[in-house]
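Take a look at the structure set out below.
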Amino acid sequence: MNTSTRRPRDFSFVTTPHAVSPSAVVSRLALVFGLFAPAWLSLSPQAASAQGRLEAQYEATLAGIPVGRGAWTIEIGDDSFAASAQGGTAGLLKAFSGGSGSGSSQGRVVNGALVANAYTATTTTQKKSETIRLSLAGGNVREFSIDPVPPVDPGRIPVLDAHRKGVFDPMTGSMLRVAGNGELLSPDSCRTGAGIFDGRLRYDLKLDYKRIEMVRAERGYHGPALVCAIYFTPVAGYIPDRPVIKYLATERRIEIAFVPIAGTRILVPFRMSIPTPLGLAMLEATSFVTSAAPPRVAKTN
């Protein structure tokens, strides 16, 4: 992302002040950790200096108690990229309300920017399974589907064609690109935003700088992290009276810590946290192994 510009971003991680049952906590945490996968890829031109790979494992906790686990793999090549993630509830919450999910995004690398062309996400609970698919071109959603088709809710703000232009999918939107050749972990890298469309919701995410701190995974990365505040603004596809939407739109204490993928100018979340009525909800990397691949050498005859 060009750190001299500000664009909306995206996040998914919250519980409502009134939801205290285990099943409600599971559903709210799923929304929070999914909706708040930040989206901050700038499309401004810049040559890619190298390529990189990430293999990460995450643990979700609520008031220090494990409630979920997940994994994320990202491959950035010379002219294409692919990312995939999967996870599910764990510990006591799994006994109350089991759930799992997976997602993937792939596309092209254009002048150093990640430009997605396809996104898929599947969530499964004890009650139902749902798959969302997006087809994109140049930051615009060409086609999208939800299977099974959800019932029409007259209270939902409709998503118009204009809402599906100039947006990121949630997976690609979780990666923050810092354009230029300056310091990656600088305050200006936080001062940005992005528009996100996840197949149902269209929302804006805005970041702002908070601090630099040291982080350490049990395996892999140990070093500085860029900590940003993140703010959520619903645009369309939501029901205004839903407590979780109101909570996310007014909460000002959500934080996300970014660290770099080696060999690239892409930052990805190492940790996300949000205060809830039951304690601090957190998603944090336990393993964060990243490596750079050398730039491809042109063949000569």
Side-chain angles (χ1 to χ4, degrees), residues 1-2 5-16 27-43 103 105 107 113-121 123 130 132-146 149-177 190-208 228-256 269 272 274:
M1 157 183 32
N2 190 326
T5 62
R6 291 175 179 264
R7 304 183 54 201
R9 305 303 179 114
D10 145 16
F11 315 102
S12 266
F13 164 60
V14 114
T15 62
T16 75
S27 62
R28 298 313 190 277
L29 285 176
L31 176 62
V32 171
F33 288 121
L35 197 94
F36 281 115
W40 342 54
L41 292 171
S42 165
L43 299 180
S105 179
L114 308 187
V115 182
N117 54 39
Y119 166 79
T120 302
T123 56
E130 177 181 85
I132 294 176
R133 295 182 176 87
L134 303 181
S135 173
L136 306 99
N140 300 323
V141 177
R142 299 174 58 187
E143 297 177 344
F144 70 100
S145 64
I146 303 177
V149 178
V152 176
D153 192 320
R156 191 177 298 277
I157 304 297
V159 177
L160 306 178
D161 288 345
H163 295 141
R164 298 190 292 268
K165 296 180 180 179
V167 297
F168 297 98
D169 68 86
M171 178 71 71
T172 311
S174 301
M175 296 176 272
L176 172 62
R177 176 177 176 252
C190 269
R191 298 179 180 125
T192 184
I196 306 297
F197 181 65
D198 65 5
R200 179 181 281 109
L201 292 180
R202 166 65 174 85
Y203 51 99
D204 288 341
L205 295 175
K206 182 179 182 298
L207 297 179
D208 208 353
C228 308
I230 187 165
Y231 308 116
F232 166 78
T233 301
V235 175
Y238 68 99
I239 299 174
D241 290 339
R242 289 281 171 86
V244 67
I245 293 294
K246 293 180 179 180
Y247 186 84
L248 284 171
T250 57
E251 179 57 58
R252 291 295 178 264
R253 297 169 294 170
I254 303 171
E255 290 186 357
I256 183 163
M272 295 192 302
I274 182 172

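Hydrogens, waters and symmetry mates are skipped; everything else that's a heavy atom, side chains included, is used. One-based numbering along the sequence shown.
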Worksheet item: Between P240 and K246, which heavy-atom pair has the shortest distance, and what is it?
Response: O-CE, 3.4 Å
Item to complete: Evaluate the side chain to side chain contact (heavy atoms under 4.5 Å, CB included) criterion for residues T172 and Y119: first the C-alpha distance (whole Å), next the side-chain angles of each, then the deciding distance (0.1 Å), finally the verdict.
Response: CA-CA 9 Å; T172 311; Y119 166 79; over 6 Å; no
Worksheet, complete the sentence: Here the pair of heavy atoms bringing A116 nearest to L136 is O-CB, 3.6 Å
Worksheet entry | Heavy-atom pair with the smallest gap, counting every atom of P234 and I245 | CG-CG2, 4.0 Å
Worksheet, complete the sentence: Scanning both residues in full, the closest heavy-atom pair of L134 with G199 reads CD2-CA, 3.8 Å
Item to complete: Decide yes or no on side chain to side chain contact (heavy atoms under 4.5 Å, CB included) for E130 and I146, but give the supporting numbers first.
Response: CA-CA 7 Å; E130 177 181 85; I146 303 177; 3.5 Å; yes
Discussion item. Once rounded to the nearest 0.5 Å, what's the spacing between atom CZ of R142 and atom NZ of K165?
Written reply: 13.5 Å
Worksheet item: N117 side chain to A137 main-chain N or O, any donor-acceptor pair under 3.5 Å?
Response: no
Item to complete: Check side chain to side chain donor-acceptor pair (under 3.5 Å) between D161 and all other residues, then give those that pass, not counting sequence neighbours.
Response: R164
Worksheet item: Sequence neighbours excluded, which residues qualify as side chain to side chain contact (heavy atoms under 4.5 Å, CB included) partners of D153?
Response: R156, I239, R242
Worksheet item: Are the aromatic rings of F197 and F144 close, with centres under 6.0 Å apart?
Response: yes
Worksheet item: Can you tell me how far CD1 of I196 sits from OG of S174, rounded to the nearest 0.5 angstrom?
Response: 7.5 Å
Worksheet item: If you round to the nearest 0.5 Å, how far is CD1 of I274 from CD of E255?
Response: 11.0 Å
Discussion item. Return the CZ to OG1 distance between F232 and T250, rounded to the nearest 0.5 Å.
Written reply: 10.5 Å
Discussion item. Quick check for you: to the nearest 0.5 Å, what is the distance between I132 atom CD1 and T120 atom OG1?
Written reply: 10.0 Å
Worksheet item: How far apart are the closest heavy atoms of N140 and G166, and which atoms are they?
Response: OD1-N, 2.9 Å
Worksheet item: So, does R252 use its side chain to make a donor-acceptor pair with the main chain of A249 at under 3.5 Å?
Response: yes
Practice prompt. List the atom of V167, the atom of R202, and the distance in Å for their closest heavy-atom pair.
Written response: CG1-NE, 3.4 Å
